[in-house]
Amino acid sequence: MVIDKSKPNKLILQTKIQVYLHNTMVIKMKAQELRQLFFEFFRSKGHNIVSSAPMVVKNDPTLMFTNAGMNQFKDIFLGNRQPLNKRVANSQKCLRVSGKHNDLEEVGHDTYHHTMFEMLGNWSFGDYFKKEAIEWGWEFLVKRLGIPEDRLYATIFEGNKEDNVPRDNEAYSYWGKCFSNPEERILEGSKKDNFWEMGETGPCGPCSEIHVDMRDDKERKKISGKELVNKGHPHVIEIWNLVFIQYNRRSDGVLEQLPLKHVDTGMGFERLCMVVQGKKSNYDTDIFQSVIKEISAITGKAYGVNEKWDIALRVIADHLRAVSFSIADGQLPSNNKAGYVIRRILRRAVRYGYNCLGIEEPFIYKLVPVLARTMGNQYPELQTGKEQIAKIVFAEETAFLKTLGKGLKMIERMITDLRKEHKNVLAGKVAFEMYDTFGFPVDLTQLILKENDMHLDFNGFEDEMKNQKDRSRDDATVETGDWSVIKDIEGTEFTGYEKTEDEVLITKYRNVKVKGKMSCQLVFNKTPFYAESGGQTGDTGQITSENEKIAITDTIKENNLIIHIAKKFPSDLSVVFSAKVDLEKRIMTANNHSATHLIHFALRSILGKHVEQKGSLVTPDRLRFDFSHFSKLSKEELSKVEALVNRMVRENHSAKVTIGVSMEKALSMGAMALFGEKYGDMVRVVEFGKSVELCGGTHVDATGSIGIVKIVSEGAIAAGIRRIEAVTASKAEEYINEKLNTVDETASLLKSTGSIKESVEKLIAENSSMKKTIEKFQAQSATIMLKDLVEKAVIINNIRFVSGQLETDSSDLLKNIANHIRNSSDNTVLVIGSETRGKANILVMVSENLVRERNINATTIIKEIAGEINGSGGGQPFLATAGGKNPAGIPRALAKAADFLQKS
RNA sequence: GGGGAAUUAGCUCAGUUGGUCAGAGCACCUGCCUUGCACGCAGGGGGUCAAGGGUUCGACUCCCUUAUUCUCCA
């Protein structure tokens, strides 16, 4: 056992004290110490302590977030990678927002579910198995932490006939040696609780769980803990799951034995803290209390006073962790995929603050520093990123509160409408629309309705919700077939750094059906194709055999396997293929990738060392680079960056690539490790002059071949994060030429020899003054025409009838004339015809007093006369228009209007 | 990836089965009043109603396409 040598007795003493104090429930071992104790324990058992993988998963389409400690070892279990150490232990940050064990809407209502949590785990990759796993589990909990034996239960797998798996007698026998009364303490569990599977297919095996009974003595006497295991009792809980991976499930459902057997264990750290600290709730441990106290200080709502507040405080404390860790890993809140999950979690926290605590302004961002203090030791990314995290949370909170504000307005309007109709039920469809289209939470809708003595048709709402889910699910079904193995070779050697063409053999293939579209996936023994990774898109190209040529449309990486997406499967899979990468695209991609390195370097030189890469996208056509910076780049800064980059291009720095460098060495060379990026134990370093980066991508041999780099755009993508887009080489040439052409064409249009800008400014000024002049003229000519017409007016039936045909193509002008007359004189009917582009138009205006007193209607008149021009029309009682194809009929139409008035 | 919504003045937004309807507040400009924490009063400039098609006598309003943004689902 490894303990702190400077205080050799402290640990032992502490353990003894714990045993003594456990029943009185006043033990205080800080979470931080407990975590270290776990590491030291497994180090003493020959384990290598590794760091937590990022919580946000990249390069795995089936998983958005790390949801268990074993995720980062998935490819080892699948046999795609050899482990460096056969015994490993760590603490992994995990996120679970849905699935059988957890649902986001439940978190906070009980005292032991979380979105983000830490999972302690120890692993054996084909090394030790059930015996050691069980013995060490027991030793750690009972002997090291001093958890009394009579509070522990173990479960084992009861067996399953369908799968042909026997009862796990082996596990039972080892537990039997630990407990003094095994019959009482070891329970059997069904497939549901005690058989672990990675997915529908893949590695799986029986598991054995350890449960703790935390109830008072009195309670324990009443009902045996045995009755409460796996029954959802808040104080009789599972804390450690030991999984014994010994099978592989094929897609036909049949289990086959694995050649190597593995151990995968996971212990909920928050629960362990609760047990060790003698608390009844995870939220009472020091992990959460510091944050909860801060929320209370801000909101004035103390914990433990009433249930409604407590739920809100728990929700906020939990969600703060999930959101902060995600942002630290580089996952910003956004409107799809992983980013959307984060947004939803944060919004839920805001909602609880709003509903239950009555906080109507951003406040969660204020909690980030406290969280960084509490957990920054183990997870330094929180400490270094805390300012940026706070900024992003603030922006997100502000935006959502605005959404809420808009929704409140809408719902007020709806309530008014309902009142008018004397109804008190809001249709589910309406609430769903508010939720679906405007993001207004349904529980708030319900709350507000209740305050107004109304309620929601919740069933209707859920129906709509179900419809939408079905729609999305139908669309997203992916059917993945089994790998068919042709040659049993593990992994793929990547030869693409040296060559773009290679002789390859197909080792396995499978079908993947997405949206009814079949995609053919191939794996080779070695390949020159670069798989999408690190922002660089996958290679395209083709494979050819003697009688076939097949296009490769993309290359991806899944669980460390390089997979080629082919147009179709070759008819003969066993022959040698010549695999050839599309060279032109590869070169263009390399230009862009190397250029991102130069841009990164230039940004740091010019803006400062706070600039860090936050993401990038490199395609053959363009590049995108996201980085942290607090404000918009000025024009000067942008041109400085561009100038420095292009200088480095001209200096023609050769690429210096070093492979198999240890992480420490790479960092000492000046390379930057990015938080949220998963690196292997050995890394690849790419240097161009002073630019040093950890990078697995393909690059130019020397910067000169990039030719030229042109920044195309710069903008914000989130608070504190900016994005630069750029083009290089021939694409940059095209871009610049296009711009210059525009300038040339503009200049020749302007016939300008001097400054184009001045010419355009002059043109705009002239244009606007001309506009005004024209308006004046039009008004004048309208007055003249008006006068002309009015002079020719006749009196029919005591009505002044003004009519005539005008030459104008402006319907606005006609309307102007009409309105002018209407406003200036009563007792008038105006009928004007005009011809534009071979079509006839007629306008009828009737003075308001005639409409009122004599019931003369412009619409009636226009319908009466529109036939004469082969047209139709309509309008309002005082103004109507019609159009038709027969201009020759205009005089007849005017005459008919006169007749009409005569009769009325 | 799939649904829905939005885009109107520099900003925040109104705009009622398609017809004097292109508006408000803030900001801006001019003048007056005189300074007290968003001073007040009077007047004024500013909009291709996101872009492009279509339907119609007539489109900010209806339909289609595109762009951008928001939002929900996976």
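Worth saying up front: this structure is predicted, and the values here are computed from it rather than measured. Numbers restart at 1 for each chain; the letters A, B, ... are given by sequence-line order, proteins then strands.
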Show the distances under 3.5 angstrom between N or O atoms of the protein and N or O atoms of nucleotides 59-65 of chain B.
none

Salt bridge (Lys or Arg N to Asp or Glu O under 4.0 Å) involving [X] - partner list, sequence neighbours excluded:
{"X": "D826(A)", "result": "none"}
{"X": "R351(A)", "result": "E105(A), D443(A)"}
{"X": "E464(A)", "result": "none"}

request  = Could you work out which one of C13(B), U20(B), C57(B) sits closest to the side chain of F878(A)?
outcome  =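 In terms of side-chain proximity for F878(A), the closest of C13(B), U20(B), C57(B) is U20(B).
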
Atom-to-atom span, [atom1] of [X] to [atom2] of [N] - whole angstrom:
{"X": "N841(A)", "N": "G58(B)", "atom1": "CG", "atom2": "P", "value": "8 Å"}
{"X": "M410(A)", "N": "A6(B)", "atom1": "CE", "atom2": "C1'", "value": "11 Å"}
{"X": "L104(A)", "N": "A74(B)", "atom1": "CG", "atom2": "P", "value": "11 Å"}
{"X": "I890(A)", "N": "C57(B)", "atom1": "CD1", "atom2": "P", "value": "16 Å"}
{"X": "K429(A)", "N": "A5(B)", "atom1": "NZ", "atom2": "P", "value": "11 Å"}

query = Taking atom P in both U8(B) and U69(B), what distance in whole Å separates the two?
reply =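 So the two P atoms sit 15 Å from each other.
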
ask   = When rounded to the nearest Å, what value does the distance between C1' atoms of U12(B) and A51(B) take?
value =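 Per the computed distance, 24 Å lies between those C1' atoms.
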
Result block: side-chain N/O donor-acceptor pairs under 3.5 angstrom for residues 862-869 of chain A, not counting sequence neighbours:
unit_1: E868(A); atom_1: OE1; unit_2: R892(A); atom_2: NE; d: 3.0
unit_1: E868(A); atom_1: OE2; unit_2: K896(A); atom_2: NZ; d: 3.4

Listed once per pair and sorted, the ring-ring contact (aromatic ring centres under 6.0 Å, His included) pairs that draw on residues 827-855 of chain A, sequence neighbours left out =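 Pairs touching residues 827-855 of chain A that pass the test: none.
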
request  = Answer with yes or no whether the side chains of T115(A) and D318(A) bring together a donor and an acceptor at under 3.5 Å.
outcome  =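 Side chains of D318(A) and T115(A): pair found under 3.5 Å.
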
request  = With a 4.0 Å heavy-atom cut-off, tell me which residues in residues 866-873 of chain A come close to RNA chain B, sorted by residue number.
outcome  =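 Nucleic-acid contacts, sorted: S872(A), G873(A).
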
key: T881(A): partners by side-chain contact (heavy atoms from CB on, under 4.5 Å), with sequence neighbours left out   =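 With sequence neighbours excluded, T881(A) shows a side-chain contact (heavy atoms from CB on, under 4.5 Å) to L843(A), given in chain and number order.
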
message = According to ring-ring contact (aromatic ring centres under 6.0 Å, His included), who are the partners of H319(A), at least two apart in sequence or on a separate chain?
response =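 For H319(A), no residue satisfies ring-ring contact (aromatic ring centres under 6.0 Å, His included) once neighbours in sequence are set aside.
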
remark   = Taking for G884(A) and for G875(A) the nucleotide of RNA chain B with the nearest heavy atom, the one nearer the 5' end belongs to G875(A)

Using atom types as modelled, flag every donor-acceptor pair under 3.5 Å from a side chain in residues 425-439 of chain A to any protein atom, sequence neighbours excluded.
unit_1: D436(A); atom_1: OD1; unit_2: Q468(A); atom_2: NE2; d: 2.9
unit_1: T437(A); atom_1: OG1; unit_2: E433(A); atom_2: O; d: 3.3

ask   = Which dot-bracket string describes RNA chain B (Watson-Crick N1-N3 plus N6-O4 or O6-N4, or G-U N1-O2 and O6-N3, all under 3.5 Å; [ ] crossing; | other strand)?
value = (((((((..((((.....[...)))).(((((.......))))).....(((((..]....)))))))))))).

query = Can you give one letter per nucleotide of nucleotides 66-72 of chain B, going 5' to 3': B for a protein heavy atom under 4.0 Å from the base, S for sugar-phosphate only, - for none?
reply = ----SBB

